[in-house]
Student: 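First, the structure itself, so that you have it in front of you.
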2 protein chains.
Amino acid sequence: MIRVLLAEDQSMVREALATLLGLEEDIEVVAQVARGDEVVAAAREHAVDVALLDIEMPGMTGIDAAARLRVELPDVKVVIVTTFGRPGYLRRAMEQGADAFLVKDAPAAQLADAVRRVLRGEKVIDPTLAAAALAEGADPLTTRERDVLRAAADGAVNAEIAKALHLSEGTVRNYLSTAIQKTGARNRSEAVRVAREKGWL
Amino acid sequence: MIRVLLAEDQSMVREALATLLGLEEDIEVVAQVARGDEVVAAAREHAVDVALLDIEMPGMTGIDAAARLRVELPDVKVVIVTTFGRPGYLRRAMEQGADAFLVKDAPAAQLADAVRRVLRGEKVIDPTLAAAALAEGADPLTTRERDVLRAAADGAVNAEIAKALHLSEGTVRNYLSTAIQKTGARNRSEAVRVAREKGWL
DNA sequence: TTCTGGGGATGACAGATGTCATACCCGGAC
DNA sequence: GTCCGGGTATGACATCTGTCATCCCCAGAA
């Protein structure tokens, strides 16, 4: 029996997926968590073979949880299951050592399939998504540009961003300006939208 | 047997929920659709008793689909199942005649439970959400303010919004200004964020 | 050692944004 | 018949934003 951990914050979805996987002859969902920061402990405690991780979760993202697993329990295979097929997410997930990357609008059958394949050592990635990730190149934003853009996304005004990040207001303007150019946008709102779509935020 | 239609755009989630419901003795999922604009036809064709509708779907929102059902097939009970427990969504859903409103981070058992209860004529609403919806009052935005805010949310600049909505640029500024004040924000970005959180957009 | 890129800052400037007063038209409420 | 709110518009004004040139510091690469 393949021992699976399921990490997903929406109970209804998590329980439904667990039920679905539980119907497979060779799969057993031995642990469920709703927060990213509970993944490693639960994986260790229940000696899981595969961890299915959502990305958007409270506490810690599934991608960060994958990175932790890589360090602490390197034998656990990681399958990322996410709502958003953003190229940046895929890229980061693979960099953190994920073994599979699925989007939730793929057929449910792919889930059990991916679990079995990663255990055989395969990597499972949607080819369309892989192409998109390769086509668009890496995240061009520097750390600070991302920080500033993220702050701007909440609707903060330059002065507030400056205070929050301990920068001068002029520097905030500079970072925002370069971020706007790198995203090909015409103002901060559009820059935020573009960066979100690509998974850079 | 209770005949259920399931409308949800993410296949994996839809199929998992269908499986879960199918395990219930008295429930049968007789139709599944991935788009809001296919709800009415499928409901009619399969003579469903209850329609479970996600809100965010391509083609048409679950709320609008609920309104159509109300008109065309008034006997079909409607259960809205959504990721976002936004008060504005709940309010609009109920105005369109929904019988239940569930959020996906509620336990999965509530789903089958809600299906049975709406068939008995009950309304099913999360009390916390109901309180939030009542506490915050109705959407204060006028139609045009909402239009302009929505256009601004995509990162469009004033001139573009004006062109898209056939308004003068000054008028766009006026609407944006009142929208900003009504949301208690300090600029368009924050106004968009607030409006989104409340489900006004 | 020099070059390069990231982080940080300043000053100047043009253009975009947000606010306000004011005005007109219309339809429904009183 | 008047009042009010929504929709639309203009002009003026004060800020905020976005861009650019230019500077400093530092670490790692060449």
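Given the structure is predicted, the values throughout are model-derived calculations rather than measurements. Sequence lines set the chain letters: A, B, ... in the order given, protein chains first and strands last, and positions in each chain run from 1.
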Student: Under 4.0 Å from OP1 or OP2 of D/dC20: is there any side-chain N or O of A/Q181 that close?
Tutor: yes
Student: Which nucleotide wins on minimum distance to the side chain of B/I180, given the candidates D/dT10, D/dG18, C/dG18?
Tutor: C/dG18
Student: Return no unless some side-chain N or O of A/T143 is found under 4.0 Å from OP1 or OP2 of C/dG6.
Tutor: no
Student: Heavy-atom nearest nucleotide on DNA chain C for A/G170 versus B/L176: which residue maps closer to 5'?
Tutor: A/G170
Student: Can you confirm whether the side chains of A/N187 and B/R188 place a donor and an acceptor under 3.5 Å from each other?
Tutor: no
Student: How is B/N187 classified with respect to the nucleic acid when contacts are heavy atoms under 4.0 Å: base, sugar-phosphate, or nothing?
Tutor: sugar-phosphate
Student: Between A/Y175 and C/dG8, does any side-chain N or O lie under 4.0 Å from OP1 or OP2?
Tutor: yes
Student: Is a donor-acceptor contact shorter than 3.5 angstrom present between the side chain of B/R173 and the base of C/dG18?
Tutor: yes
Student: From the options D/dC16, C/dT10, D/dA9, select the nucleotide whose nearest atom is closest to the side chain of A/V157.
Tutor: D/dC16
Student: Nearest whole angstrom, please: distance from the P of C/dG11 to the CD of A/E169.
Tutor: 13 Å
Student: What is the distance, rounded to the nearest whole Å, between atom CD of A/E190 and atom C1' of D/dT17?
Tutor: 15 Å
Student: I need the CD1-P distance between B/I161 and D/dT8, as an integer number of Å.
Tutor: 14 Å
Student: Specify the residue among B/E145 and B/N174 whose closest nucleotide of DNA chain D lies further upstream toward the 5′ end.
Tutor: B/E145
Student: Would you say A/R186 places a side-chain N or O within less than 4.0 Å of OP1 or OP2 belonging to D/dG18?
Tutor: no
Student: Output yes when at least one side-chain N/O atom of B/N158 is less than 4.0 Å from OP1 or OP2 of C/dT17, else no.
Tutor: yes
Student: Using only side-chain N and O atoms of A/S177, determine if any of them is under 4.0 Å from OP1 or OP2 of D/dT19.
Tutor: yes
Student: Should B/T171 be listed as having a side-chain N or O under 4.0 Å from OP1 or OP2 of D/dT10?
Tutor: no
Student: Using a cut-off of strictly less than 4.0 Å, decide whether A/T142 has a side-chain nitrogen or oxygen near OP1 or OP2 of C/dG5.
Tutor: no
Student: Take B/R92 and B/E95, measure what salt bridge (Lys or Arg N to Asp or Glu O under 4.0 Å) needs, and give me the verdict at the end.
Tutor: CA-CA 5 Å; B/R92 272 189 284 156; B/E95 282 169 3; over 6 Å; no
Student: Could A/K198 and A/D139 be called an ion pair, given the rule that one side-chain N must be under 4.0 Å from one carboxylate O?
Tutor: no
Student: Is a donor on one side and an acceptor on the other found under 3.5 Å between the side chain of B/R3 and the backbone of B/H46?
Tutor: yes
Student: Give a yes or no on whether the backbone of A/G155 and the side-chain of B/S189 come within a donor-acceptor separation of less than 3.5 Å.
Tutor: no
Student: Take atom NZ of A/K182 and atom P of D/dT19, then tell me their distance rounded to the nearest Å.
Tutor: 13 Å
Student: Using whole Å, report how far CZ of B/R188 lies from C1' of C/dA16.
Tutor: 8 Å
